[in-house]
Each structure stands twice: as structure tokens, then as C-alpha cells.
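Only one structure is covered here, and it is reproduced in the block below.
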Amino acid sequence: MSREVIRSAAWGLGTTATLAVLILLGSRNLAHFDAALVAYTFSILFATFGLTYRYAMWLSRPPTAMYWRRGWQAFFRRGWRLRNARFWLSRMSLDVVANRFIFKRDRLRGLTHMLIMWGCILAVAITFPLVFGWLHFRPVAGDLSLYEAVVFGFPAFRFPHDSAAAFFLFHGLVWASFLVIAGVMLAVRRRLRDEGAAAVQRFVEDFLPLFLLFAVSLTGLMLTASYTWMKGYGFTFIAILHAATVIATFLWLPFGKFFHIFQRPAQLGVGFYKDVGRSEEKAHCRRCGHAFTSKMHVLDLISVEKELGYRYELEGEAEHYQWICPPCRRASFAMAQGLAWQVHRGGASPPSDQPIPMPIHVNPGVGEGPLGDEDAENFHP
Amino acid sequence: MPLAEKLHFFVDLSRCIGCQSCIQACTECDTHKGQSMIQLDFVDRANSTQTAPVVCMHCESPTCAEVCPADAIKRTEDGIVQTARKPRCISCNNCVLACPFGVPKMNTEMNLMMKCDMCYDRTSVGLKPMCASVCPSQALAFTTLDEMARLRPNAKPVNTFKFGAQTIHTRVKVMVPADAPKETVDVTAAMYERTIGHDILDDVFGEGPVFGEEEA
């Protein structure tokens with residue numbers, strides 16, 4: 001068994017044990033733990049182990065380890081901390097909370113993601129504390145028209161049980177289901193109609209998570225329908241069915257598409273890394289001499305590539321292929337192939353005393369050349 | 001549906017006439033609507049009309065995927081290195097800078113790497129990629145090995161490239177002269193060349209072995 005596996009398993013066990021202790025603490029030694037929800041609790045504990053294990057294994061990959069380290073170094077850089085905290089808040093709000101970058105990809109896609117994401121967040125915020133015994137409601141002694149919410153063993157707030165607030169609170173999962181079902185419908189619609197998506201999508205990676213979310217939401221709504229309008233018809237069966245769908249979703253968390261929920265925040269670290277890169281020395285292409293990305297990025301990539309077993313080292317002044325900018329790589333490729341044909345097709349190279357020119361895009365127009373500022377910098381159009 | 005094993009993408013950069021048809025056609029592809037993934041450069045604008053059309057070469061051991069910290073780039077069983085998975089890509093730019101052929105693009109606003117995926121929506125059902133279907137000089141071609149051998153008897157496909165000490169094998173093939181002594185294209189050996197003019201009329205319009213005539 002490799003060191004990474006042992007270390008990741010240890011992280012997994014540690015996190016799971018911590019959650020178990022918090023469950024004991026928050027439910028006051030299981031005094032407020034709902035025994036009917038025990039299957040949910042154990043599936044979440046398993047998912048916690050799986051997620052931590054996979055996350056730790058993911059972090060042990062050379063490029064991920066490099067970015068993880070560099071991201072934190074950039075965030076805690078001396079003299080940048082206040083600025084970084086401000087940027088963290090703004091990027092967190094725009095990219096994570098408001099899904100700005102997904103709306104930029106496609107507005108309908110952004111809406112789809114928003115509906116699913118906020119539906120799931122609402123559902124998790126309600127169910128996890130309930131399942132762990134961290135949240136329960138009790139009637140207020142002396143005034144049975146009031147309910148009291150108890151969070152982590154401490155009385156939090158009171159409300160009349162027949163108020164609108166109570167209605168919205170107790171039906172929180174219904175609202176979450178509406179959001180998720182609407183989002184899933186839009187997502188499936190796109191996957192059925194978009195030929196680009198149809199070409200690359202896979203059942204397990206792309207449809208299964210949607211079906212799971214739909215099944216959880218639908219069976220949850222069926223429970224509400226059963227006890228509200230059907231006098232509890234089939235309630236036990238629906239409850240078991242609902243539990244099965246929820247547990248399957250939890251167990252699937254570490255393996256499939258849902259894992260992006262935990263990977264995605266790395267985008268924030270990348271942002272800080274790029275900020276530092278922009279403020280520091282540039283790398284200069286050792287073919288055309290033009291500046292492109294940051295020197296730090298080139299050096300980090302050289303180190304990652306070596307660790308991965310790539311041997312892009314060059315003899316002579318260039319030292320490493322990573323010091324060659326992307327347009328010069330493409331030009332070198334064209335030169336190598338062109339040289340092979342030179343004997344047959346002719347063509348003379350111009351005098352060699354001139355400096356090597358910088359290749360430029362034939363059409364640097366919108367959507368046809370660089371796709372943004374970073375490309376413009378790296379591709380020098 | 002996987003890409004048929006017998007179908008191959010052939011690139012002959014020196015046949016490119018710089019017409020930009022590939023760029024326009026590429027924007028029509030459904031997997032990256034409205035944005036071209038073709039990298040078409042003037043190699044030395046001041047001295048030459050030489051243009052280099054570069055598409056993803058679909059490496060067997062893709063450096064872009066290996067250096068991706070988010071595990072966002074996957075290679076399918078049929079050898080296609082797909083563009084970044086949208087939920088995973090964290091737009092770090094590693095792939096853009098590490099690709100030995102300089103192919104991927106970074107859509108900064110979308111926080112998403114985008115690159116040629118050989119029009120998988122088309123090629124997986126037996127159609128040609130958009131660029132190959134419009135390229136007038138067939139610098140970009142998509143067909144079978146037999147058909148290519150018939151059409152270009154003076155050329156042979158090669159899919160091994162050297163970058164310094166690193167050898168890379170690709171699914172996409174590059175056309176070199178049939179009598180070329182090596183089965184490898186040494187990219188970095190030609191790195192300091194400036195530009196190469198050429199006359200492509202011979203094998204664009206030539207039916208027979210033009211080179212043979214020259215020899216005679």
C-alpha cells in the first residue's frame with residue numbers, strides 16, 4: 001500500500017471520527033438523535049470518509065499538490081492579506097454564490113446550475129442538522145402555540161406553530177425539491193437537445209447524478225403529498241424509497257460528478273496564484289523573446305513535469321521546452337514538418353542573421369484568436 | 001459512439017494556404033459553439049506568407065491532462081483527448097502552457113479551457129471534422145490510411161514527435177515525404193528555423209509521382 005493511500009485513509013478516518021464526535025456533542029450524547037434517521041447518519045459518515053480520502057488522494061497528485069501549496073502561499077502572502085481577503089469575498093460572491101462564470105458560458109445553463117445548487121444547499125442545510133441531532137423543535141412549556149428551535153443543544157428561536165414562518169420552515173424541503181426538479185428538468189432538456197453535449201456525455205458521469213437528484217426530490221414530495229392529502233397512504237413504503245435514494249446519493253458523492261462541489265473552490269486559489277504571477281517577473285520566450293506568462297508559472301510547470309516523468313529538457317540556451325511560448329511551439333512544429341518537405345517542395349529560408357520572428361494569429365478576431373486576456377498574453381496576437 | 005478505428009486525421013501544415021476556412025468552419029462545431037479552436041498563425045509575417053494550422057494532436061499520453069490539477073481533461077478509449085470537463089476546469093492555464101503543440105485556449109470569462117476535440121459530435125458518427133470538410137488544400141484531412149496512401153503516394157503519415165528528450169505519440173498524423181529517413185518529427189530540432197517557403201502545386205494537383213518525374 002502506497003504512502004499516499006495510507007495518508008489519505010488516515011485523513012478520511014480522522015475526519016469521520018471528528019464528525020462522529022460532533023454528532024455526539026451536538027445531539028447531547030444522542031439524547032436528541034432521531035433513531036429513525038440512523039441510516040442517513042451512517043451514509044453521511046461513509047460519504048465523509050470517501051470524500052476526504054478522495055480529496056487527499058487528489059491533493060497528492062503533483063500538479064494539484066503544487067497548486068494547493070502555491071494557492072495558500074499566495075493567499076497568505078505578506079502585505080497582500082487584506083487585499084486577498086477582499087478579493088476572496090468578491091470572488092466567492094460572484095463565482096461561487098452567483099455562478100457568474102457559468103452564466104457567461106450560457107444563461108440557461110447558469111440558471112440550471114443555480115436552481116440545482118441552491119436547492120441542494122437548502123436541503124443539506126435542513127437535513128444534515130436534523131440527521132445529526134444538531135437541530136430539533138419542541139413545544140414551549142406553558143404556551144403550546146409556540147415552537148422552539150434547539151440548535152446544538154441551545155435554544156435558538158421561537159415561533160407560533162401555525163404561522164407563515166412555521167409553514168415555510170417546515171416545508172423547507174418542499175421548496176428545495178421544487179428548485180432541484182426545475183433545475184434537473186432544464187439540465188436533462190439540454191442533454192437531450194444539445195448535439196455537442198450528446199456527443200461527449202456519459203450515463204454514469206452526466207445522467208446518473210441528475211436521476212439521483214430527481215429521485216430524491218420526487219420521493220420527498222411524495223412523502224409530503226402522502227401525509228397532507230392522502231391520509232398517509234403508502235407512507236412507510238415511500239419513506240423507505242426516499243431513504244434509499246438519499247443514501248444512494250450520499251454514497252455516490254465521492255465517486256462521481258458531485259465531487260466537483262469539493263474540487264471547485266480550488267478556483268479561488270488559482271485566482272490568487274495568478275494575481276501574484278501578474279505582479280512578478282514575466283517569462284520570456286527563448287525563441288522569439290516575447291513575454292508571456294509569469295516566470296513563476298513556468299518554473300512550477302517545469303518542476304511538475306519533471307515529477308510526472310516528462311523530459312522536455314533541451315540542449316543549449318533554451319534549457320527546457322517550457323520556456324518556449326505557445327505560438328513558437330506551433331511555429332516549431334510547422335518548421336519541423338516543413339523542413340522534411342523542403343527537399344521535394346523547395347523553398348528557401350530567409351537570411352539567418354535576422355532575429356527569430358514572433359508568430360502571430362492569422363485572424364485574432366473575437367472567437368477566432370485568443371479567447372481572453374490570458375490567451376492574448378500567452379499567444380501575443 | 002466511439003470514433004471508427006479506421007478513420008484518421010492527417011495534417012500537412014506545409015499545404016496550408018492560409019484561407020481561414022478551417023477557422024470559420026470550426027466555429028460551427030457544436031461542442032464549442034461560435035469559437036474557433038484552430039490555431040492558425042503566420043509563422044513570419046514580415047518575410048513569408050507561410051501559415052501553420054494546428055489542431056489538437058490527441059496525444060497518447062497527453063501532457064495537458066497530466067499537468068491538470070483538477071483532473072478535468074480526459075482521454076476517451078478511442079484516443080480522443082476531450083476538451084476540459086466544464087464542472088472541473090479551474091482555469092489554471094497549466095494545459096495551455098504545457099501542451100507541446102501549443103493548442104489549448106483559455107476562455108478567461110468562462111473560467112474554462114477550450115480546445116479542439118476533433119469535432120467528436122461529428123467524427124463519432126463517421127462525419128469529417130468541420131475543418132477537414134472545408135480545407136481546400138487538404139492540409140487538414142480526415143480519411144482512412146488506404147485512401148490517404150492512394151491520394152498522396154509521395155507522402156507517409158507519422159505520429160511520433162520529439163521535443164528535446166521527450167517523445168510524444170499522437171492519434172493525429174502528420175504527413176512527411178514517403179522517403180523521409182526517420183519515422184519521427186523532431187520539433188525542437190527545427191525550433192530556430194524562421195520560415196520555409198514551398199511550392200505545393202506538385203502534390204495538390206499532381207496525380208502521378210511528381211517527384212519521380214523530377215528524378216527522371
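The sequence lines fix the lettering, A, B, ..., with proteins before strands; numbering per chain opens at 1. Small disclaimer: the values here were computed from a predicted structure and weren't measured.
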Worksheet item: Under the 3.5 angstrom rule, does the side chain of R330(A) hit a backbone N or O of L40(B) as a donor-acceptor pair?
Response: no
Discussion item. If we count only N and O atoms by modelled type, under 3.5 Å, do the side chains of Y120(B) and D30(B) hold a donor and an acceptor together?
Written reply: no
Worksheet item: Would you say I168(B) and Y312(A) make side-chain contact, with heavy atoms under 4.5 Å?
Response: yes
Worksheet item: Do the side-chain N and O atoms of Y273(A) and D300(A) include a donor-acceptor pair separated by under 3.5 angstrom?
Response: yes
Worksheet, complete the sentence: Counting heavy-atom pairs under 4.5 Å with chain B, the top scorer among D95(A), V304(A), T293(A) is T293(A)
Response to the item:
Whatever's closer than 4.5 Å to a heavy atom in chain B on R109(A) counts as side chain
Item to complete: Below 4.5 Å from any heavy atom of chain B, which atoms of Y310(A) appear? Answer side chain, backbone, both or neither.
Response: both
Response to the item:
Assert top hit (heavy-atom pairs under 4.5 Å, partner chain B, pool L301(A), N378(A), I102(A), D194(A)) equals L301(A)
Discussion item. Taking side chain as everything from C-beta outward and backbone as N, CA, C, O, which of these in R287(A) sits under 4.5 Å from a heavy atom of chain B? Side chain, backbone, both or neither.
Written reply: both
Discussion item. Less than 3.5 Å apart, any donor N or O on the side chain of S91(B) or N93(B) sitting next to an acceptor on the other?
Written reply: no
Worksheet item: Would you say the side-chain atoms of T160(B) pair up with the backbone N or O of T184(B), donor to acceptor, closer than 3.5 Å?
Response: no
Worksheet entry | Flag, side chain of E319(A) to backbone of G316(A), donor-acceptor distance under 3.5 Å | no
Worksheet, complete the sentence: Under 4.5 Å to a heavy atom of chain B? For Y321(A) that would be side chain
Discussion item. Below 4.5 Å, heavy-atom pairs only: which of H297(A), E315(A), E313(A) has the largest tally toward chain B?
Written reply: H297(A)
Practice prompt. Measure distances from E307(A) to the heavy atoms of chain B and classify the residue's part below 4.5 Å as side chain, backbone, both or neither.
Written response: neither
Worksheet item: Of all of V270(A), D373(A), L59(A), which one pairs up most often with chain B through heavy atoms under 4.5 Å apart?
Response: V270(A)
Practice prompt. Heavy-atom distances under 4.5 Å only: say whether Q322(A) touches chain B with side chain, backbone, both or neither.
Written response: side chain
Worksheet item: Where on I356(A) is there a heavy atom nearer than 4.5 Å to chain B: the side chain, the backbone, both, or neither?
Response: both
Worksheet, complete the sentence: Note: vs chain B, highest number of non-hydrogen pairs under 4.5 angstrom among G196(A), G372(A), A198(A) is G196(A)
Discussion item. Given heavy-atom pairs under 4.5 angstrom as the criterion, report whether the side chain, backbone, both or neither of E305(A) touches chain B.
Written reply: side chain
Worksheet item: Is E109(B) salt-bridged to R105(A), cutoff N-O under 4.0 Å?
Response: no
Fill in: Region of I302(A) in contact with chain B, defined by heavy-atom distances below 4.5 Å
neither
Fill in: Leading residue by heavy atom contact count with chain B [cutoff under 4.5 Å; candidates K104(A), Q267(A), Q337(A), H260(A)]
Q337(A)
Discussion item. What I'd like to find out is whether the side chain of M113(B) reaches to under 4.5 Å of the side chain of K105(B), using heavy atoms alone.
Written reply: no
